[in-house]
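So the structure is just underneath, and the comments pick up after that.
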Amino acid sequence: MTELADGLEVVLSWEALATRELLDQSAVDLAAVQATSEGIARLEERLRAFGLSVPNATSVQKRPMSRRADSLSDWEAVRARAARELARRGVVGVSLDELLDPDEVRRLEARFYGGYTLKTRMDAYDTAAACLAGLVASLVDWLVVRVPKDMEYLGKPVKGSPLSDWLRNLELPFQERFEKWFKVPYDAVRGVDVKGFFPKSHRLQTFGHDPIVGLVVGVIDILRGGLTAVGRDGKLAVLSGFAEPTWNPFKALVWQIGHLISDGFTSMGLPAPGWSLLQLFQIGRLDENERTLAELARHMYLKGYDSRHFLTMTSSVAAASVVLHGYFWLRRKLDPVYESDAAHESIVGRAAGTSDHPRVLAMSLVANSLGAAANAGRVTIQSGNPLAVNYAQWLAWTRSFYQWTQAKLSSPNDVLLAHGRANRLALYEGWSMLEAEKLPLLSA
């Protein structure tokens with residue numbers, strides 16, 4: 001396969017050089033023809049001046065143009081012709097493979113020869129951009145995310161996040177009206193027979209207050225006038241009779257969103273998306289107090305690890321994404337070869353946009369892996385403080401790993417069909433000639 005790509009690149013390069021030589025020679029011949037025509041015209045004028053007739057011009061026999069009949073399908077003939085072209089130009093004792101750039105050959109192979117798995121190859125600039133994005137995410141995590149608020153951990157003071165503090169001090173206009181308008185059955189505190197259920201923890205223990213889970217469970221609770229909660233012991237409780245059932249799902253959804261907004265700006269806020277599900281996991285001994293995962297999640301929420309701090313945590317992920325998307329857009333604008341490869345990969349990977357482009361997925365995995373590793377290092381440096389865990393960064397890493405794995409697990413049939421479709425489009429648009437000056441021997 002590499003040999004075929006090498007030969008094809010040599011022949012295309014010599015074709016480009018030969019075409020350029022023919023054009024130059026044509027310009028010289030045209031100048032000579034013009035000079036000869038002017039001389040003949042002056043001679044005709046002198047003959048007419050002496051009263052002599054001007055003879056008719058005889059037809060010139062045309063020399064047929066040579067045809068380049070070597071077939072690209074016959075590799076030995078192509079190689080022999082390329083060797084003859086080198087010898088004719090006085091180049092002997094040089095391997096044809098030495099004239100080729102290995103990176104260019106690999107690029108052609110990756111573009112025009114489909115395998116059974118979806119592959120993308122990051123170059124040095126891609127790798128540098130991914131590492132830069134990971135570094136930016138790490139810096140934002142250290143300087144901005146920090147922990148929810150100022151605290152002491154194991155006797156040492158820990159500085160809280162300025163962004164989380166700012167979000168915590170925001171007030172919702174018409175807060176009291178929102179609380180009055182959007183009352184829901186799962187907001188009950190008294191009369192709920194669930195272990196560990198009290199005012200400060202009831203939003204963590206009721207699934208309706210979860211920003212993600214609540215869009216399903218909370219709406220169902222409103223429709224049936226009930227409450228779905230999980231006890232401190234991990235037992236699930238599905239209770240009813242806290243309000244009259246509402247049989248309008250649209251109204252239930254509006255009430256759900258309105259109630260989440262009204263609770264999001266209160267002192268305890270809302271749990272981070274999906275955080276309430278951790279109350280079901282009564283496993284592990286994870287810290288110096290040997291708390292289970294559910295107990296640790298409860299402790300973190302009560303210490304300010306809520307949805308507002310989750311927004312702060314997303315800042316590191318957003319910073320990395322801005323760097324990667326900015327680099328990818330700028331590189332495609334400035335580098336035509338990179339743009340061509342990226343367009344080909346987009347077709348093969350069936351990418352709908354930049355975020356699911358195969359090359360961007362690979363760079364995102366690198367960047368989010370570095371960001372997650374840096375966060376793990378920060379937690380370690382802070383003596384294992386669980387409040388230093390960047391939940392959003394680890395979710396981003398999980399998502400990147402899943403998307404990258406899904407791309408790798410594309411079926412052979414889908415990959416081959418995608419390569420065929422992309423190659424057909426490339427051949428339809430035409431193969432751009434390689435410039436002869438790019439060959440090492442000719443540019444020397």
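For this chain, numbers begin at 1 and follow the sequence in order. Bear in mind the structure is a predicted one, so any value in this text is a computation, not a measurement. Below, all heavy atoms of this structure are taken into account, side chains as well, without hydrogens, waters or symmetry copies.
By the 4.5 Å heavy-atom criterion applied to side chains, Leu223 and Asn248 are not counted as neighbours. A 4.5 Å side-chain heavy-atom check between Leu135 and Leu370 finds every atom pair outside the cut-off. Residues Leu154 and Ser383 have side chains in contact (heavy-atom distance under 4.5 Å, counting atoms from C-beta outward). Here the side chains of Leu395 and Tyr391 are in contact, with some heavy-atom distance below 4.5 Å. Tyr153 places a side-chain heavy atom less than 4.5 Å from the side chain of Pro386. Put simply, the side chain of Thr292 does not reach to within 4.5 Å of the side chain of Leu296, judged on heavy atoms. At a threshold of 4.5 Å between non-hydrogen side-chain atoms, the residues Leu227 and Thr206 count as touching. With a 4.5 Å cut-off on side-chain heavy atoms, Gln393 and Asn368 count as touching.
Between the side chains of Asp356 and Gln403, no donor-acceptor pair of N or O atoms lies under 3.5 Å. Counted by atom type alone, His299 and Asn289 present zero donor-acceptor pairs between their side chains at under 3.5 Å. Glu171 and Gln175 form no side-chain donor-acceptor contact under 3.5 Å, judged by distance and modelled atom types alone. In this structure, a donor-acceptor pair under 3.5 Å is present between the side chains of Asp126 and Tyr338. A donor-acceptor contact closer than 3.5 angstrom is absent between the side chains of Ser346 and His357. Side-chain polar atoms of Trp329 and Thr354 form no donor-acceptor pair below 3.5 angstrom. A side-chain donor-acceptor contact under 3.5 Å links Gln256 and Tyr186.
Atom CG of Leu302 and atom CG of Leu204 lie 7.0 Å apart (nearest 0.5 Å). With rounding to the nearest 0.5 angstrom, the CG atom of Asp263 is 12.0 Å from the CZ atom of Phe178. Between Thr405 atom OG1 and Leu361 atom CG the span is 10.5 Å, to the nearest 0.5 Å. For the atom pair OH of Tyr305 and OG1 of Thr312, the computed distance is 10.5 Å after rounding to the nearest 0.5 Å. Between the CE atom of Met268 and the OG atom of Ser307 there is a distance of 11.0 Å, given to the nearest 0.5 Å. Taken from CD in Glu179 to CG in Asp187, the straight-line distance is 9.0 Å, to the nearest 0.5 Å.
Contacts classified as side-chain hydrogen bond (donor to acceptor under 3.5 Å, both in side chains) and involving residues 275-284 (residues at least two apart or in different chains) are given here: Asp210-Ser276.
Ring geometry, Trp255 versus Phe182: the interplanar angle exceeds 60°, so the pair is classed perpendicular (tilted spans 30 to 60°). Using cut-offs of 30° and 60° for the angle between ring planes, the Phe401 and Trp404 rings count as tilted.
A pairwise comparison of heavy atoms in Val140 and Ser315 identifies CG1-OG, 3.4 Å as the closest pair. What you find for Leu260 and Leu270 is that their closest heavy atoms are O-CD1, 3.2 Å. Taking every heavy atom of both residues into account, Glu295 and Glu290 meet most closely at OE1-O, 4.4 Å. Of all heavy-atom pairs spanning Pro211 and Pro271, the tightest one is CD-O, 3.2 Å.
Shown are Asp141, Asn390, Asn385; of these, the side chain to side chain donor-acceptor pair (under 3.5 Å) with Arg378 is made only by Asp141. Between Arg146 and the choices His309, Lys159, Met313, Gln382, the side chain to side chain contact (heavy atoms under 4.5 Å, CB included) rule is met once, by Lys159.
Ion pairing between Arg331 and Asp123 holds under the 4.0 Å rule for side-chain N and carboxylate O. Salt bridge absent: Arg203 and Asp306 never bring a charged side-chain N and a carboxylate O closer than 4.0 Å. Looking at Asp335 and Arg332, no side-chain N of the basic residue comes within less than 4.0 Å of a carboxylate O on the acidic one, giving no salt bridge.
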query = side chain to side chain donor-acceptor pair (under 3.5 Å) between Gln205 and Arg298: does it pass, once the steps are laid out?
reply = CA-CA 9 Å; Gln205 292 183 255; Arg298 179 187 179 91; 3.0 Å; yes
